[in-house]
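Read the structure below first, then the notes.
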There are 2 protein chains.
Amino acid sequence: MADFESVLKGYRELVAKIRSYQEAVGLIYWDMRTGLPKKGVESRSQVVGVLSGEMFKLTVSDEMGGYLDTLEKPEHAEKLDAISRKMISESRKEYDRSKKIPPERYQEYVVLTSQAESAWEEAKENSDWATFQPYLERIVAFNQEFIELWGYEGSKYNTLLDMYEPGMTEEKLDRLFGALRSKLVPLVEAIVHAEHKPDTSFLQQTFPKEQQKAFSLFILKEMGYDFDAGRLDETVHPFATGLNPGDVRVTTRYLPEDVVSALFGTIHEGGHALYEQNIMKELEGTNLCSGTSMGIHESQSRFWENMVGRSKAFWSRYYPDLQRIFNGQFDGVAAEDFYRAINEVKPSLIRIEADELTYNLHIMIRYEIEKALFNGTVKVADLPEVWNAKYKEYLGIVPPNAGEGVLQDVHWSGGSFGYFPSYALGNMYAAQIRHTLLKKLPEAEALIAKGNLLPIKAWLANEIYQYGMLHTPGEIVTRVTGEELSPDYLVDYLTEKYKEIYKL
Amino acid sequence: MADFESVLKGYRELVAKIRSYQEAVGLIYWDMRTGLPKKGVESRSQVVGVLSGEMFKLTVSDEMGGYLDTLEKPEHAEKLDAISRKMISESRKEYDRSKKIPPERYQEYVVLTSQAESAWEEAKENSDWATFQPYLERIVAFNQEFIELWGYEGSKYNTLLDMYEPGMTEEKLDRLFGALRSKLVPLVEAIVHAEHKPDTSFLQQTFPKEQQKAFSLFILKEMGYDFDAGRLDETVHPFATGLNPGDVRVTTRYLPEDVVSALFGTIHEGGHALYEQNIMKELEGTNLCSGTSMGIHESQSRFWENMVGRSKAFWSRYYPDLQRIFNGQFDGVAAEDFYRAINEVKPSLIRIEADELTYNLHIMIRYEIEKALFNGTVKVADLPEVWNAKYKEYLGIVPPNAGEGVLQDVHWSGGSFGYFPSYALGNMYAAQIRHTLLKKLPEAEALIAKGNLLPIKAWLANEIYQYGMLHTPGEIVTRVTGEELSPDYLVDYLTEKYKEIYKL
């Protein structure tokens, strides 16, 4: 039998190898979304298939199984360093999850979701729920089947939640979202009826792409994004991707009629990128070298986008730069008016266009629906009706058709159930972390107002970013803020901010 | 025993898989040279190592060996289509070549050449031959050892030549280069002493990058380069790369002080790209899906760069576009004067900066030296002296130091012996193919003068590009031109062109 040291070494080499495949596939995806010539797509998709297939084989290989069995033996527990221990538990999770699904069933599911994504695209375009419904029914059935194989605690939906936010449960979310909802719905109502509304007319201009780009680059630099470890490119649906901590790429989209889109889109993706760029050296080449969960990742993009980028302090410093770069287009508009305009609250139908406040309600609607679907209290066939009823209840508006309603998001067509809650969790994490930041670094607002964002980035890097996946989301929030996740900080932050803006 | 059909299917799937790895590695290299953030290099190099390693394993796998053994059985010969037959012979060549070298010796060699490339870079910078000499001695010794293992016919150097130009031998090259030399050396001498020299002073200006880029894009489009199957990016050392026929990327470099560099560099790489973009559908995913040899590839880049791009007909059509795009910078310069300036002949020390005519002499010098090295008539230690003597003899000038002399090229530090002749072979192939083109398509010059380059591209695609590696270089030249490669066409072409320019 091989000795412990050489098994550990072999295991870590195998993980590094899988990670290399992942990095290659990540680069291919980045390229696909930023400039792959269209005639090259077919062959490149086959390359992705080959590399992903090999990666999957390595993940569930007998070699991996053997390493895990040996390294998990009680007699070795003491000898493992913290990083290796966590690596092993993550590998085990992935190994078991993949092994429990019969390969041919999984293959069928992959084919189904890939067909469903195309079907969804067309159905959305035509607001045609009926053609998409059978796909979604099969996808939900597959997920029910997989949950039975994976097992679950408490409720079936918990197993799905745990994939995106380890440790998160329906019970916790009910409590968090319930509290949030009871405070935010009245706040939105008060805003809808407020007299003092922001003027947004000056945002209705055409803004040259070159200037939008210049401002995006400028702000990324200010945030401490390292251009020696990343780059900014254009795409249709913006994203950030951490190929390794030395190569974390941001993408954005410049809409000539909508200066706000690229501006906050870039800051948002920049927030994701700061997380990935600042993961500690020791985690490179391991399976812990990325943000710890969707929720914590989203907390960082949203912290930078909304709590820094949409703050008064930020624009007290950067508004003159904006005015200068867009030579004259904001002349005669006061910084205060700009600040109010970019924080306009307006109940609307489309999640991705929603403001910072109502966004949370869009998420809660999806959460309620997913939960009901997997607990069997709602059928796929009922979704359009349920969707519209919830929009009426939460936001006071009803979609005129399925395209702007139940068909608007891509997630379900790809089988991503349990993902949506991360967005609202991100807002809650962000507000709670912000609360601690303001206690530990009381000059934070003043620093923002001076354009000195680096100490804030350094604090976040030190408290969160460097650890990658070494700690769970629950551990992170407790370590950093001293308590479990609470909805109160987000409620307080939003109430204070919007009462001031709307003079309530 | 598996039946023939399923063995063939399995074999072709394995080849397609290797090809997918190659495409992934190709994309990574493209990215490394066009925009990889510097802090991402270390991890990305490991990714290349992992993927290349897997690719190599597949190439020499027992699976591959088994397929080849079965498919090569005489009883199957009749059943194989032409493509599969050629695929098998290429796989066999690669399999045998790789299998004959003990893995640990090959590994040592890879490490050596990677160290030698760094050592060369520094040695060149400091014109310090002494520090590089021991590396080169070891590299040559390794190649001698490998040649013994691979075997050789006629001379040892032939084995190296065959790697870049299948079927090429020292005997043939001696004849080709001998004839070329006897005609070109006197021509160069006549030019050096000619009274009527081109005025190049108007090229000494600063040309904005944006305009150079606009002209590069314009000319690529004119050549029939398909932007739906490619893209143009910037790099330090320009190259073209065919990832698959639907994704063939061109790179260039815009020097503000040298408008000619990007202009002809782009056309040159565009010529390589046309080859790769027009390979027939049936070869996609096979090991025949690229140009058939370095020499034939180079013939296409040089045909487009020199025989089209540096022709009088070309500038009679495109010079007004150049004048327009570089608003006013060429005002008062006649098309004829521009044509003469871009065809200036001047014996110089640096190969990559040489003109169309003297370039061939730079290559012959390297050929003579490589041949002597591998036939044992010259030692590595003697190279600086031999180099300088040859430059004196062929070009009438002597390098002031090793950096501008024997150390100028990267090739030898990477172990690429036998590669240099391809460049001059490319010129000969190009001239011979051009001769046939002018017979088959007598209106070719007139088409160029009208800016209708597409029929020329179509002819080349039909005669050469579509076949990828299906035919050998020798087969290609005989099929297209009806005879074996001859130096006469290049001699005639150059003599005619330069006698006119220099009024000899």
Side-chain angles (χ1 to χ4, degrees), chain A residues 13-14 16-32 34-55 57-58 210 225-233 241-250 273 276-277 281 284-285 289, chain B residues 13-14 16-32 34-55 57-58 210 225-233 241-250 273 276-277 281 284-285 289:
Chain A
E13 280 169 5
L14 180 56
K17 190 171 177 182
I18 294 171
R19 184 84 197 169
S20 284
Y21 275 91
Q22 224 166 30
E23 183 165 333
V25 171
L27 179 70
I28 292 174
Y29 276 124
W30 170 83
D31 186 69
M32 278 185 167
T34 55
L36 173 59
K38 67 179 181 193
K39 293 183 183 170
V41 172
E42 200 186 315
S43 173
R44 194 62 37 80
S45 303
Q46 283 166 23
V47 175
V48 169
V50 167
L51 299 185
S52 304
E54 288 300 306
M55 188 159 65
K57 274 189 208 162
L58 294 172
E210 276 316 307
Y225 174 79
D226 181 355
F227 278 92
D228 284 338
R231 48 185 285 173
L232 177 64
D233 294 87
T241 182
L243 303 172
N244 66 60
D247 186 7
V248 181
R249 304 182 182 194
V250 173
E276 299 281 323
Q277 279 189 338
K281 202 83 191 148
E284 281 181 30
C289 196
Chain B
E13 280 169 4
L14 179 57
K17 189 172 176 180
I18 294 170
R19 184 82 196 170
S20 283
Y21 275 91
Q22 225 167 29
E23 182 165 334
V25 171
L27 179 69
I28 293 172
Y29 276 125
W30 170 84
D31 186 70
M32 277 184 166
T34 55
L36 174 60
K38 67 179 181 193
K39 292 184 183 171
V41 172
E42 200 186 315
S43 174
R44 194 61 38 80
S45 303
Q46 284 167 22
V47 175
V48 170
V50 166
L51 299 186
S52 305
E54 288 300 307
M55 190 158 65
K57 274 189 209 163
L58 294 172
E210 276 316 307
Y225 174 79
D226 181 357
F227 279 93
D228 284 338
R231 46 184 287 173
L232 176 66
D233 294 87
T241 182
L243 303 172
N244 66 61
D247 187 7
V248 182
R249 305 182 182 195
V250 173
E276 299 281 323
Q277 279 190 338
K281 199 83 192 150
E284 282 181 29
C289 196

Per-residue contact mode, [X] against chain A (heavy atom under 4.5 angstrom):
X	result
Asp233(B)	neither
Arg44(B)	both
Asp228(B)	both

Would you mind checking which part of Ile28(A) comes under 4.5 Å of any heavy atom in chain B, side chain (CB onward), backbone (N, CA, C, O), both or neither?
-> both
Side chain, backbone, both or neither: which part of Glu54(A) has a heavy atom under 4.5 Å from chain B?
->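 It is the side chain, since no backbone atom gets that close.
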With distance as the sole criterion, is a donor-acceptor pair present between the side chains of Glu284(B) and Ser43(A) under 3.5 Å?
->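 Looking only at side-chain atoms, Ser43(A) and Glu284(B) do not form any donor-acceptor pair under 3.5 Å.
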Heavy-atom side-chain proximity of Asp31(B) to Asp31(A) below 4.5 angstrom =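 Side-chain contact under 4.5 Å: no.
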What heavy-atom pair brings Glu23(A) and Val47(B) nearest, and what distance separates the two atoms?
->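 Heavy-atom minimum between the residues: CD-CG2, 3.6 Å.
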Could you tell me the separation between the CZ atom of Arg249(B) and the CG atom of Leu36(A), rounded to the nearest 0.5 Å?
-> 6.0 Å
Pick whichever of Gly49(A), Ala16(A), Ser20(A) has the most heavy-atom pairs under 4.5 Å with chain B.
-> Ser20(A)
If you tally heavy-atom pairs under 4.5 Å between each of Gly285(A), Gly53(A), Ala229(A) and chain B, the highest tally belongs to Ala229(A)
Per side-chain contact (heavy atoms from CB on, under 4.5 Å), Pro37(A) is matched among Asp226(B), Asp247(B), Leu243(B) by Asp247(B)
